[in-house]
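Structure first, then comments.
Since the model is a prediction, treat every value here as computed from it, not as a measurement.
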Amino acid sequence: MKKRDLLGLRGLSAAELNRILDTAARMRAINERRIKKVPTLRGRTVVLAFFENSTRTRISFDLAARRMGADLVNFSVQGSSAAKGESVLDTIRNLDAMRMDCLIVRHGSSGVPHMLARQFPWPVINAGDGINEHPTQGLLDLLTLRDHLGDLRGRTVAIVGDVLHSRVARSNLFGLRTLGARVLVAGPGPICPPALAELGAEVRHKVDDVIEEADAVMMLRIQRERLGRAMISTSREYAAFYGLDLDRLRKGRPELLVMHPGPVNRGVELAPEVADGGRSVILEQVTNGVAVRMALLFLLLGEEGGDVAA
Amino acid sequence: MWLLKGGRVICPATGYDAVADVLIEGERIVAVGPDLDAPAAAAVFDCAGLWVGPGLVDLGADLADPGAPHREDLQSGAEAAAAGGYTSVLVSPQTDPCVDSPAVLRDLLARGRQVSGARIFAAAALSQGLQGAEPAELGLLAEAGAAAFSDGLHLHSDAEALRRCLEYARPWGRPVFLQAGEATLEARGLMHEGLAALRLGLRGLPVAAEEIGLMRIIALCALSGARVVAGPVSSARGLALITEARSRGLPICATVAARNLVLCDEDVEASGYDTAFKVRPPLRAAADRAALTEGLRQGAITAIVSAHVPTGLVDKEGDFESAAFGAAGLESALGAALLALGDAPALLFSALSTEPGRLIGLDPRVAPGAVADLVLVDPSTGLRRRASRRSRSPHDPLAGHSAAGRVVATLVGGQFVFGPIPLATSGSGAGEGPRAGAAMLR
Amino acid sequence: MAAERVEREELSAMELRRTIARMASEIVERLGDPRQLVLVGIVTGGRHLALRLADAIASLEGVRPATGYVDITLYRDDLYTGLEKAQLGDTRLPDSDLSGRGVVLVDDVLFTGRTVRAALDELMDYGRPRFIKLVVLVDRGHRELPIAADVVGKTIPTERSDRVVVAFVEDGSPQDGVFVQVGGGR
């Protein structure tokens, strides 16, 4: 039996992506009924190992695993032995010794899920690795886009912000290109460089350069703590050219969708009126997140059936 | 007394390249020529199909001794070197404590004389504590036996201080080994900055960092007049700078790491974040790799080095970001060099032996009167590389890579320090090498 | 060598339609007012049957019961045993809360009873129905669980190795009918 992992969207075919999205769409029904649980993964143990802080992604995975009926081990690095210097590998080995069926891992370094997937026999789901990928976020964004736009071939999606270091942006870029969409990226020079064209994006500069052509615009959170020195100027400067406010929104199409992976820096990359406004589908993204994660657990934990490639 | 019979003897120092016998008596070569009359006492080693060349000389291998036995020590390093065909190794001073005092240097050299395997030479610190601020006691270190000066992998950011160190070193005549890089540009980089790093989501080490470092080294070499060895160089742009500097007649030469002649950033990507590929200098683009090989052929690059920076198992156990830089290289360097230069054996031995030897005051040659430091190479292609077995470090990105030949045996001072000891076919005096009794592998 | 494939017709298109009509009147007779009922077909075989029964009830009583269908993939007891690729289908019910409703669970063939067991568990997660009755077109025996149908179209004795095929034109078959393929598989 060959096990499957979900380490990233780069390398998944359109058929594989659509299979996950179709399954996720069907999972939504469970989250709308009174008993938000199925017995499918009863008796399976799913481990959430978060070596990097996150609230919403962790809760989303937590709910997804529980709603699929699995038992959950919820591990985060604060106050754990990893904080005392135990290596990632040792930490996971210890968890594995307690017998698990699936690992969902988030880590600040790119490539950690790939390393773990090589070492252990059970499926690994990447919940975000360094500046590489955040495939479940990419999938829930794709599902949200598909709900509103249908077939994504020929559609134009703009991603604005620190595209270079955003694993959300990268996963979306890979997935959107595979599904035939056109991707425009915009942001300050150091974090939205021309090199991104090698990954299939059209590189622009300011929000104004992309807003008119886009069917959907994905605003990224500007993370000062992640940037290091000298990559962007002040918040005011950022909001002036790379943020989305009502005036700018009006320059776009009437049905333009506004997306954001959360949490939103209100007033910086997104004006509050836009974040809460009619075009924003931010909360739908969150709803779809649980369904996507349930779908992945369903698909990956099958022995024969898990058909989602790493 | 050995008769190495019927191999292709290649000696860049003399220009000799022919099928011939080599007669060794005691520590020295006494005769080289076709169909020599062997004395009855000589044991015969059949070298048909093999190359017989001067033993390889490595510059700047990190043997981590004193200080980090889980990575390497002099004995394991000397054995690894011998297994790679090296008869002499110039070890890096970046130890713990570092080699910036005559006492540490003397101790190192004394212990080096005790180990079996390649000969141990030492580079002493250029600056105190390898910090790049004040010159170390270069005179005392030279008298204590330093063959060269170096600050190991430290990148000099204080140009004024480096200038003074170079000017202070110049009269002592030893070559100064300088690493090319720029600390702030390289601060968070993990691999060559290019398309592979972009796809993998890993921060990059831009070529510009090597360029800036080399420009600094070249300018200060010109200013101070000191004999400088820069590198290992990893990029086409870096090579162009070296070529230009040499064309002006500056006393500068450059080295290249053997693995950079074979591997590139696509190999890092194909490995799937395998930490064995996290090395400095980084494995750059395919075009850089091609330029480096061409640079050797053109003479712009003088020597191939192993870039042996062994890492312990624990050092690279985790993720790519937190893993240590470095990999073993002594045992795989020749195989890699053969892949790049196997069609030009004289150039190969020049870059791996003759030129690096000359830099540290040796005179590697396969000629009567010379010390019998030799390597026997089987140049057959299609072999699969075995992983390092003698180095303490299990990490080598060339492990499993196809090789274009292998070391059959290594002799230091007329003694076999690596390889099968043949059964005596005539007379007494069969080898007293450390691995007696193995039947000859043919 | 290829096994001999004998196909035996159990119900012709005409007989199938009559059977469905008879089942419809039995449902009304035993379960009462169709407005209180929800006919839930088990995907895939029971889906079209539920709709046909609803139509038949409508022509008898002038009133059409609500219909829906459930995909039991997430409730199967054999999901991860490598028999089939894990493929999730649609579940659609007229209400996400079935509490207080009278549910008529509909499937084409009743065999081991495991499919019905899964469907029962799934329906229970949609609330607390007033009752769940089981209506099947074909009962082919070989029960592995204590499950019995309340209304049966036709009882057909089979070997375990036989395959029962229920064909509806709605799923692309050239014509309606029920066949037994002797030695034809599960």
| said: Quick one, A:L164 and B:L198 - any side-chain contact, counting heavy atoms below 4.5 Å? | reply: yes
| task | Starting at CG of B:D319, measure out to CE of A:M115 and round the result to the nearest 0.5 Å. | result | 5.5 Å
| said: Checking the side chain of A:R118 only, and the main-chain atoms of B:G272 only, is there a donor and an acceptor separated by less than 3.5 Å? | reply: yes
| Option among A:E133, A:H114, A:R10 that satisfies the side chain to side chain contact (heavy atoms under 4.5 Å, CB included) test with B:L200 | A:R10
| query | Do any N or O atoms from the side chain of A:S109 and from the backbone of B:E321 form a donor-acceptor pair under 3.5 angstrom? | reply | no
| task | Answer yes or no: is there a donor N or O on one side and an acceptor on the other, between the side chain of B:R199 and the main chain of A:L199, under 3.5 Å? | result | no
| field | Heavy atoms from other residues, nucleotides or ligands near CD of B:E317 exceed 12 (cutoff 6.0 Å) | value | yes
| note | Between B:G201 and A:I131 the two heavy atoms that sit nearest each other are O-CG1, 3.1 Å
| Verdict with reasoning, A:N132 to B:Y273, per side-chain contact (heavy atoms from CB on, under 4.5 Å) | CA-CA 11 Å; A:N132 183 33; B:Y273 301 96; 2.8 Å; yes
